[in-house]
Amino acid sequence: MSRLIVVSNRVSAPSDPASGAVGGLAMALAAALRKYHGLWFGWSGETVESFTGELKVEDRAGVTVGLVDLEAQDVEEYYNGYANKTLWPLFHHRVDLTAYERSYGEGYERVNRRFAEVLAPLIEPDDIIWVHDYHLIPLARDLRRLGVKNRIGFFLHTPWPVRQLLVTLPHHRRLVESMFDYDLLGFHTREWLDLFRDYVVSEVGGRLVGDEDVAAFGRRVRGGVFPIGIDVEGFLQAGRSPLGLRTYDRLVASTAFRSLIVGVDRLDYSKGLEQRLLGYEQFLKDNPEMRSEVLLLQVTPISRDEVDTYQDMRGRLDSLAGRINGAYAEMDWQPIRYLNRTYRRDQLAGIYRAARVGLVTPLRDGMNLVAKEYVCAQDPEDPGVLILSRFAGAAAQMTEALIVNPFSREELSDAIQRALTMPLEERQQRWSALMQVVRDTDVSIWRDDYVEALRDVDVDPDGTGAAEGPRPGRLVA
């Protein structure tokens with residue numbers, strides 16, 4: 001049986017699968033790697049004075065991981081620079097925050113090339129390779145140049161940007177051309193796939209082949225829609241764990257029978273946190289009779305705090321939450337609890353279950369698994385209501401949520417009021433439909449569907465890897 005090699009910027013294979021801090025994606029991929037006796041390869045998170053390419057191999061709960069250290073310059077240019085200051089804001093339509101610096105692009109190309117050079121000698125003829133996310137878009141190209149002929153797939157965990165914004169990226173054509181060295185490109189939604197196909201047709205003169213393939217640069221690549229999900233049974237067990245139940249009990253007691261509204265998002269401008277607080281403020285203004293009956297718990301772990309944009313955003317959110325509390329709080333109640341810390345998965349399950357309303361209102365998001373976690377955590381007899389941004393990838397599936405435009409504070413206000421007053425029967429009907437979606441898109445189903453699709457792609461095993469000639473993959477007919 002062929003091995004599965006997973007490649008990502010950071011390796012998140014769990015050292016302790018029983019830990020409540022382990023995410024569902026890591027658990028699902030780790031299970032696949034154990035099944036296929038595979039390898040998880042990526043950056044160790046450590047820096048060295050000079051790049052050596054030395055590979056550190058570890059066993060983490062039955063999963064073999066291969067780790068490589070990077071230079072400090074690599075981290076600054078490839079990770080902090082091109083990945084987080086260029087591609088991330090661009091892919092989330094924040095061109096105003098996108099930094100286009102030549103050194104960032106050079107660092108991105110250099111690290112992908114270094115990853116390929118370390119990984120290539122480890123690849124056996126029957127292995128299939130699954131590359132994850134925007135950090136490593138050119139990796140297949142660099143592996144092909146080293147003679148790797150295996151099936152290689154790529155999955156993008158973020159949205160794909162509209163063509164009119166993507167063309168603001170210097171060397172955008174070269175970036176997209178490198179994607180044609182993959183055999184399968186996976187996206188969360190049909191919208192993201194169609195935006196990719198639109199770029200190829202409109203910008204580089206490519207053509208569509210059926211509903212999935214797209215041809216350009218003398219090659220043809222298959223695209224696919226693979227909506228990611230959560231580890232449903234694992235999350236249900238987390239909610240039933242002692243810590244999950246204790247978290248639920250503590251939160252119910254501390255809210256003094258008020259209706260809890262919850263938001264859980266890492267600190268990022270794509271999450272719509274400022275717009276969410278303004279929408280909640282509008283709700284307090286529009287519904288004075290409900291003010292002391294509700295409480296918003298916003299959990300926002302700090303991320304990428306070394307980036308100026310995130311530091312500025314943190315200051316604005318601190319100020320906004322303080323202003324709203326100062327304007328509306330009473331002696332025994334304040335409208336917002338704003339927490340900058342990380343919680344374990346079992347604690348989050350308890351938090352979600354205690355909340356009458358789940359606010360998931362990103363301005364643009366690849367999928368957003370908080371929406372699915374919130375639904376999964378609910379009590380079927382008395383479920384809460386999910387308010388979901390139309391700009392989250394999850395909105396394409398979770399149509400029984402209250403779908404909102406997060407840029408409209410009035411629309412957010414109206415949705416909160418509707419959710420809090422929704423009759424039990426309607427809440428149960430909506431939850432039942434949403435929970436079926438959550439089960440149908442379990443992360444293990446997502447993983448197996450992708451791997452099976454990658455195995456099924458037709459390839460030419462005699463390819464030479466030449467840019468316009470025969471190569472592993474499919475040539476334009």
Listed once per pair and sorted, the salt bridge (Lys or Arg N to Asp or Glu O under 4.0 Å) pairs that draw on residues 391-410, sequence neighbours left out:
none

Any donor-acceptor pair under 3.5 Å linking the side-chain atoms of Thr247 with those of Arg353?
no

For the aromatic rings, using the six-membered ring if either is Trp, is the centroid distance between Phe41 and Phe115 under 6.0 Å?
yes

Flag, side chain of Gln298 to backbone of Ile336, donor-acceptor distance under 3.5 Å
no

Go through the structure and list residues passing salt bridge (Lys or Arg N to Asp or Glu O under 4.0 Å) with Arg10, not counting sequence neighbours.
none

Evaluate the side-chain proximity of Asp181 to Ile152: yes if any heavy-atom separation is below 4.5 Å, no if none is.
no

Exam field: side chain Asp133 to backbone His157, donor-acceptor pair closer than 3.5 Å:
yes

Sorted by chain and residue number, the side chain to side chain contact (heavy atoms under 4.5 Å, CB included) partners of Leu245 (sequence neighbours excluded) come out as none

Please identify which of these residues, Asp183, Asp213, Asp211, meets the salt bridge (charged side-chain N to carboxylate O under 4.0 Å, His left out) condition with Arg222.
Asp213

If you measure only the distance, is there a donor-acceptor pair under 3.5 Å linking the side chains of Ser413 and Asp286?
yes

Please check if the distance between the ring centroids of Tyr82 and Trp88 is under 6.0 Å.
no

For residues 439-448, which residue pairs pass the salt bridge (Lys or Arg N to Asp or Glu O under 4.0 Å) check, not counting sequence neighbours?
Glu233-Arg439

I'd like to know if the side chain of Gln378 reaches the main chain of Tyr374, judged simply by a donor and an acceptor atom lying under 3.5 Å from each other, with no hydrogens or angles considered.
yes

Listing, residues 386-398 side-chain donor-acceptor contacts under 3.5 Å, not counting sequence neighbours, or none:
residue : atom : partner : partner atom : Å
Ser389  : OG   : Pro362  : O            : 2.7
Ser389  : OG   : Phe391  : N            : 2.9
Gln397  : OE1  : Lys372  : NZ           : 3.0

Kindly state each residue pair satisfying salt bridge (Lys or Arg N to Asp or Glu O under 4.0 Å) with at least one member in residues 411-420, sequence neighbours excluded.
Arg418-Glu426

Phe196 and Phe187 aromatic ring geometry - parallel, tilted or perpendicular at 30°/60° bounds
tilted

Measure the acute angle between the ring planes of Phe155 and Trp446, then classify it against the limits of 30° and 60° as parallel, tilted or perpendicular.
perpendicular

If every non-hydrogen atom of Pro161 is compared with every non-hydrogen atom of His93, which pair is closest and at what distance?
CA-NE2, 3.7 Å

Residue pairs involving residues 314-341 (criterion ring-ring contact (aromatic ring centres under 6.0 Å, His included); sequence neighbours excluded):
none

Does NZ or CZ of Arg341 come closer than 6.0 Å to the centre of the six-membered ring of Tyr343, within 45° of the ring's axis?
yes

Does Arg151 use its side chain to pair, donor to acceptor, with the backbone of Arg455 at less than 3.5 Å?
yes

Side-chain heavy-atom pair Ile137, Met179 within 4.5 angstrom cut-off
yes

Hydrogens and angles aside, do Asp69 and Ser44 bring a side-chain donor and acceptor to less than 3.5 Å of each other?
yes

Heavy-atom side-chain contact between Arg356 and Leu420 under 4.5 Å
yes

Say whether Tyr310 and Asp268, considering side chains only, have a donor N or O and an acceptor N or O under 3.5 Å apart.
yes

Closest approach of Ala354 and Leu251, non-hydrogen atoms and distance?
CB-CD2, 3.9 Å

Looking only at atom types and distance, does a side-chain atom of Arg258 sit under 3.5 Å from a main-chain N or O of Ser292, one as donor and one as acceptor?
yes

From CZ (Arg34) to OG1 (Thr64), nearest 0.5 Å:
10.5 Å

Taking NZ in Lys285 as the centre, count heavy atoms belonging to other residues, nucleotides or ligands within less than 6.0 Å. Is the count above 12?
no

Looking only at non-hydrogen atoms, find the nearest pair between Pro138 and Leu175 and report the distance.
CG-CD1, 4.5 Å

Any residue meeting salt bridge (Lys or Arg N to Asp or Glu O under 4.0 Å) with Arg190, in chain and number order, not counting sequence neighbours:
Asp194

Side-chain donor-acceptor pair present, Arg337, Ser254, cut-off under 3.5 Å
yes

Tell me the salt bridge (Lys or Arg N to Asp or Glu O under 4.0 Å) pairs involving residues 288-302, sequence neighbours left out?
none

Check the pair Tyr269, His92 against ring-ring contact (aromatic ring centres under 6.0 Å, His included), reporting the backbone distance first and the verdict last.
CA-CA 9 Å; Tyr269 43 77; His92 290 84; 7.4 Å; no

ring-ring contact (aromatic ring centres under 6.0 Å, His included), that's the test. Do Phe154 and Trp130 meet it? Break it down for me.
CA-CA 6 Å; Phe154 175 78; Trp130 190 3; over 10 Å; no

Side chains of Leu278 and Phe407: does their closest heavy-atom pair fall under 4.5 Å?
no

Counting only heavy atoms not in Glu330, do more than 12 sit closer than 6.0 Å to its CD atom?
yes

side-chain hydrogen bond (donor to acceptor under 3.5 Å, both in side chains) for Tyr352 and Glu373? Distances and angles first, verdict last.
CA-CA 8 Å; Tyr352 294 140; Glu373 290 177 345; 3.2 Å; yes

Sub-4.5 Å side-chain heavy-atom contact between Ile5 and Ile123:
yes

Would you say the side chain of Arg197 lies within less than 4.5 Å of the side chain of Val214, judging by non-hydrogen atoms?
yes

If you measure only the distance, is there a donor-acceptor pair under 3.5 Å linking the side chains of Thr361 and Arg276?
yes

Using modelled atom types and a 3.5 Å cut-off, is there a donor and acceptor pairing between side-chain atoms of Trp431 and backbone atoms of Val375?
yes

Can you tell me if Ser432 uses its side chain to pair, donor with acceptor, with the backbone of Gln428 under 3.5 Å?
no

Checking Glu58 now: which residues fulfil side chain to side chain contact (heavy atoms under 4.5 Å, CB included) with it, not counting sequence neighbours?
Arg60, Val65, Leu67

Heavy-atom donor-acceptor pair, Ser241 side chain to Ala238 backbone, under 3.5 Å
yes

What's the shortest heavy-atom distance between Ala30 and Trp40, and which atoms?
N-CZ3, 4.4 Å

Please check: side-chain N/O of Asp74 versus main-chain N/O of Leu70, any donor-acceptor pairing under 3.5 Å?
no

Greater than 12 external heavy atoms within 6.0 Å of Arg240's CZ:
yes

For Asp127, does its backbone N or O pair with a side-chain atom of Asn150 as donor and acceptor, under 3.5 Å?
yes

Going by heavy atoms in the side chains, are Val63 and Asp59 under 4.5 Å from each other?
no

Among residues at least two apart in sequence or on other chains, which ones pass side chain to side chain contact (heavy atoms under 4.5 Å, CB included) with Leu122?
Leu39, Leu55, Leu119

Would you call Leu156 and Leu185 a side-chain contact if the rule is heavy atoms closer than 4.5 Å?
no

Got a sec, which residues hit side chain to side chain contact (heavy atoms under 4.5 Å, CB included) with Ala83, two or more places apart in sequence or on another chain?
Tyr134, His135

Please say which of Leu139, Val7, Leu454, Val6 ends up in a side-chain contact (heavy atoms from CB on, under 4.5 Å) with Ile129.
Val7

